[in-house]
Amino acid sequence: QVQLVESGGGLVQAGGSLRLSCAASLRTFSSYGVGWFRQAPGKERELVAAVSGPGRTTYYADSVKGRFTISRDNAKNTVHLQMNSLKPEDTAVYYCAGSPSLGIVIVDARYNIWGQGTQVTVSS
């Protein structure tokens, strides 16, 4: 069974940093686009960053551009989300998701593998 497991969430003060990791049990991981989503209480889930299968192309939501960096290591079947200059509004459960597409995927419905999520809380 294919799994995505997130780690690295926690509590941090505003202005601080966290690095999220997503580990995949998938032999063809390099052929999957990966996205990091977040969902705050009472809000819709949103895509914050995505990376193509080979890792050469990335996408960022406007709200995180310049602060978050997505990267992947296909040899280790992992994707990371480096989050700097964190703000209280970044507080949410963060999920990684996989889509069987080599390119960037920005439509939720095209992701068919989801992790369980990791909580990120930014205090003011």
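Just so you know, these numbers come straight off a predicted model, no measurement behind them. Residue indices begin at 1 and follow the sequence shown.
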*Asks:* For Gln82 versus Ser17, what's the shortest heavy-atom pair and its separation?
*Replies:* NE2-CB, 3.9 Å
*Asks:* State yes or no: do Leu47 and Val79 share one hydrophobic cluster built from I, L, V, M, F, W and Y residues joined by side-chain heavy-atom distances below 4.5 Å, directly or via other members?
*Replies:* no
*Asks:* Hey, what do you get for OG (Ser30) to CG (Leu102), rounding to the nearest 0.5 Å?
*Replies:* 7.5 Å
*Asks:* Say you draw a straight line from NZ of Lys87 to OG of Ser124; how long is it, rounded to the nearest 0.5 Å?
*Replies:*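 Going from NZ on Lys87 over to OG on Ser124, the span is 14.0 Å.
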*Asks:* What's the shortest heavy-atom distance between Leu86 and Val12, and which atoms?
*Replies:* CD1-CG1, 3.6 Å
*Asks:* So Gln119 and Thr91, do their side chains get closer than 4.5 Å, heavy atoms only?
*Replies:* yes
*Asks:* Give, for atom CG of Asp90 and atom CE of Met83, the distance between the pair rounded to the nearest 0.5 Å.
*Replies:* 7.5 Å
*Asks:* Locate the shortest heavy-atom distance separating Val5 from Gln116; write the atom from each residue and the value.
*Replies:*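 Between these two residues, the closest heavy atoms are CA-OE1, 3.8 Å.
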*Asks:* Would you name the heavy atoms of Arg110 and Pro100 that are closest together and state the gap between them?
*Replies:*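 Where Arg110 meets Pro100 most closely, the heavy atoms are O-CD, 3.9 Å.
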*Asks:* Where the side chain of Arg72 meets the backbone of Ser52, is there a donor-acceptor pair that is under 3.5 Å apart?
*Replies:*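 The answer is yes, because a donor-acceptor pair under 3.5 Å joins these two groups.
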*Asks:* For Val48 and Tyr95, run side chain to side chain contact (heavy atoms under 4.5 Å, CB included): C-alpha distance rounded to whole Å, both residues' side-chain angles, the deciding distance at 0.1 Å, then the answer.
*Replies:* CA-CA 10 Å; Val48 296; Tyr95 301 87; over 6 Å; no
*Asks:* Hydrophobic clusters here meaning ILVMFWY residues chained together by side-chain heavy-atom distances under 4.5 Å, can you tell me if Val122 and Tyr94 are in one?
*Replies:*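 As far as the 4.5 Å side-chain criterion goes, Tyr94 and Val122 are connected within one cluster.
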*Asks:* Whether the side chain of Asp73 engages the backbone of Thr78 through a donor-acceptor N/O pair (distance < 3.5 Å, no angle test) should be reported.
*Replies:* no
*Asks:* With sequence neighbours left out, write down each residue that passes salt bridge (charged side-chain N to carboxylate O under 4.0 Å, His left out) with Glu46, or none if nothing qualifies.
*Replies:* Arg38
*Asks:* Would you sort out whether Asp62 and Lys65 count as a salt bridge (Lys or Arg N to Asp or Glu O under 4.0 Å), showing the intermediate values?
*Replies:* CA-CA 5 Å; Asp62 288 343; Lys65 276 182 183 176; 3.2 Å; yes
*Asks:* Side chains of Val34 and Leu4: closer than 4.5 Å at any heavy-atom pair?
*Replies:* no
*Asks:* Quick one: which residue pairs count as a ring pair (Phe, Tyr, Trp, His ring centres under 6.0 Å) with a foot in residues 21-41, not counting sequence neighbours?
*Replies:*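 For residues 21-41, and leaving out neighbouring residues, the ring pair (Phe, Tyr, Trp, His ring centres under 6.0 Å) pairs sorted by first residue read Phe37-Tyr111, Phe37-Trp114.
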*Asks:* CG of Leu11: more than 12 outside heavy atoms within 6.0 angstrom?
*Replies:* yes
*Asks:* Should Glu6 and Leu20 count as side-chain neighbours, where that means a heavy-atom distance under 4.5 Å?
*Replies:*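 A side-chain contact under 4.5 Å is absent here.
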*Asks:* Do you know the tightest heavy-atom contact between Ser99 and Val105?
*Replies:*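 Looks like OG-CG2, 3.5 Å.
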*Asks:* Can you tell if the side chain of Ile70 reaches within under 4.5 Å of the side chain of Tyr60, non-hydrogen atoms only?
*Replies:* yes
*Asks:* Between Ile104 and Thr57, what is the shortest heavy-atom contact and its length?
*Replies:* CD1-O, 3.2 Å
